[in-house]
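All values derive from a computational prediction rather than experimental measurement.
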Amino acid sequence: MFVDTENKYIWKNGSFERWNDSNVHILSHTLHYGTGVFEGVRAYKTNNGPAIFRLSDHTKRLFDAASKISISIPFSESELNLAQCETLEKNNLKEGYLRPIVYLGNEGLGLRAKDLSVNVAIAAWEWPSYMDPEAKEKGISVMKSSHKQYENPLHSGNKIIGTYFSNTMALHEALDNGADEAIMLDKNGYISEGSGENIFIVKDGHMYTPTTDHCLNGITRQSVIQIAKDLNLQVKEKNLDYDELLNADEAFFTGTAVEITPISKLDNNLINNGSRGEITKQLQEKFQEIISGHDKFYQSWLTFIK
Ligand code: PMP
């Protein structure tokens with residue numbers, strides 16, 4: 001739940017409004033039909049002030065998703081990059097989560113959305129940890145979901161609002177069954193992703209992750225692949241079946257929210273005897289150095305605010 005929203009602001013269509021006064025019209029097309037796109041972005045505390053992780057990559061993905069559903073965003077990528085920096089500053093945040101969202105107006109209602117206004121808003125808030133901090137070491141439990149990723153190619157690989165329905169249902173199903181997260185399968189029954197995370201496994205010293213045919217090409221996923229290669233670890237993108245996850249030496253999720261979080265239990269079976277694996281730990285440590293600005297080699301991934 002959000003706390004202390006009294007002095008917080010949301011950027012909307014080029015200016016700031018008070019968080020507590022911010023609203024969307026009840027007839028917004030997006031509210032009725034899910035026609036919109038969003039991003040999840042993170043800013044970290046560094047010795048040189050707050051820095052946003054891979055800001056331009058997130059903004060580019062927002063524009064790519066919008067174009068997939070024929071929404072033309074009335075701002076440029078650099079304008080929205082700047083707006084995200086300004087939103088952090090305006091809210092005096094040294095670290096936090098940013099949520100840009102693009103949604104349609106309420107000038108008319110019906111499925112036809114051709115002439116509706118396109119609105120952009122950016123909210124930001126403190127968000128030190130999505131998972132229990134202990135989870136970074138102990139790992140989390142997951143459950144194979146009965147909810148599959150949709151077959152329509154628009155329904156995976158893009159952060160399109162309406163498509164998140166099955167992800168929410170998958171997460172709720174997992175939580176109701178005592179697990180921390182869901183493992184969603186693709187239409188062919190291969191491992192796809194978590195409800196909001198990509199997945200990797202380690203077997204015999206090599207890393208594997210599903211291809212992006214049926215999952216989001218997460219920015220943390222792309223970062224981990226790059227980091228692994230730089231550490232001379234082998235990473236292969238391929239179809240992964242349930243048994244490969246079950247018999248993995250290590251498994252972990254990646255995502256803006258969870259960063260790198262070990263998976264220690266799958267449907268009541270322990271992975272790596274229920275403890276974090278060495279490669280997972282190595283990647284977590286490198287990722288931490290990068291996001292805190294201590295690794296100069298990856299500094300181009302950080303956008304510093306003042
Ligand atoms: N898959 C899904 C379905 C997601 O919503 C997310 C979160 N954006 C991810 C994977 C991880 O992507 P990223 O690393 O870009 O946060």
Side-chain angles (χ1 to χ4, degrees), residues 1-45 49-53 55-56 58-63 65-66 69 71-130 158-165 167-168 171-172 196 256-257 303-306:
M1 291 296 140
F2 299 113
V3 287
D4 186 25
T5 53
E6 192 57 45
N7 297 311
K8 286 202 164 50
Y9 295 87
I10 289 179
W11 185 97
K12 194 197 275 179
N13 293 331
S15 54
F16 284 102
E17 61 185 25
R18 286 192 167 276
W19 175 294
N20 288 346
D21 298 336
S22 179
N23 54 36
V24 172
H25 195 277
I26 208 79
L27 291 183
S28 159
H29 195 277
T30 309
L31 182 61
H32 296 253
Y33 303 116
T35 38
V37 295
F38 69 104
E39 262 305 321
V41 190
R42 196 112 174 228
Y44 292 99
K45 218 184 256 174
I52 303 182
F53 184 65
L55 172 62
S56 53
H58 280 283
T59 305
K60 184 173 182 312
R61 189 169 68 183
L62 183 79
F63 277 75
I69 55 169
I71 288 181
S72 170
I73 299 178
F75 293 93
S76 66
E77 289 185 33
S78 55
E79 282 170 331
L80 292 193
N81 286 337
L82 185 64
Q84 289 174 78
C85 297
E86 287 173 355
T87 306
L88 275 184
E89 273 185 295
K90 180 84 177 169
N91 288 289
N92 206 14
L93 290 168
K94 306 287 171 257
E95 61 186 340
Y97 185 81
L98 285 147
R99 168 52 58 90
I101 182 165
V102 178
Y103 63 96
L104 299 180
N106 54 290
E107 293 81 7
L109 192 68
L111 276 179
R112 192 186 144 85
K114 290 285 181 202
D115 306 317
L116 300 180
S117 60
V118 178
N119 301 276
V120 185
I122 302 165
W125 60 90
E126 292 93 353
W127 208 35
S129 183
Y130 176 67
N158 302 288
K159 292 186 78 74
I160 295 171
I161 295 173
T163 67
Y164 270 80
F165 179 71
N167 300 47
T168 300
L171 177 60
H172 286 182
T256 298
T303 300
F304 291 91
I305 317 283
K306 281 203 172 152

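- In this structure, Asn7 and Asn91 approach most closely via the heavy-atom pair O-OD1, 4.3 Å.
- Of all heavy-atom pairs spanning Ile69 and Thr35, the tightest one is CD1-C, 4.4 Å.
- Judged as a ring-ring contact (aromatic ring centres under 6.0 Å, His included), and not counting sequence neighbours, Phe304 has no contacts.
- Using a distance-only test at 3.5 Å, with no hydrogens or angles considered, a donor-acceptor pair links the side chain of His32 to the main chain of Ile26.
- Under a 3.5 Å cut-off, the side chain of Arg42 and the backbone N or O of Tyr97 do not form any donor-acceptor pair.
- The aromatic ring centroids of Trp125 and Phe2 lie less than 6.0 Å from each other.
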Inset, instruction - Might you work through the side-chain contact (heavy atoms from CB on, under 4.5 Å) test for Glu86 and Phe16, ending with a clear yes or no? - result: CA-CA 10 Å; Glu86 287 173 355; Phe16 284 102; 4.1 Å; yes
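- Taking the six-membered ring for Trp and the full ring otherwise, the centers of Tyr103 and Phe38 sit at least 6.0 Å from each other.
- With sequence neighbours excluded, the residues forming a ring-ring contact (aromatic ring centres under 6.0 Å, His included) with Phe53 are Phe287, Trp301, listed by chain and number.
- Considering every non-hydrogen atom in both Ala123 and Thr87, the closest pair reads C-CG2, 4.3 Å.
- Side-chain N/O atoms of Thr59 and Glu39 include no donor and acceptor closer than 3.5 Å.
- Heavy atoms of other residues, nucleotides or ligands lying less than 6.0 angstrom from NZ of Lys45 number 12 at most.
- The distance from the CZ atom of Phe75 to the CD1 atom of Ile122 is 8.5 Å, given to the nearest 0.5 Å.
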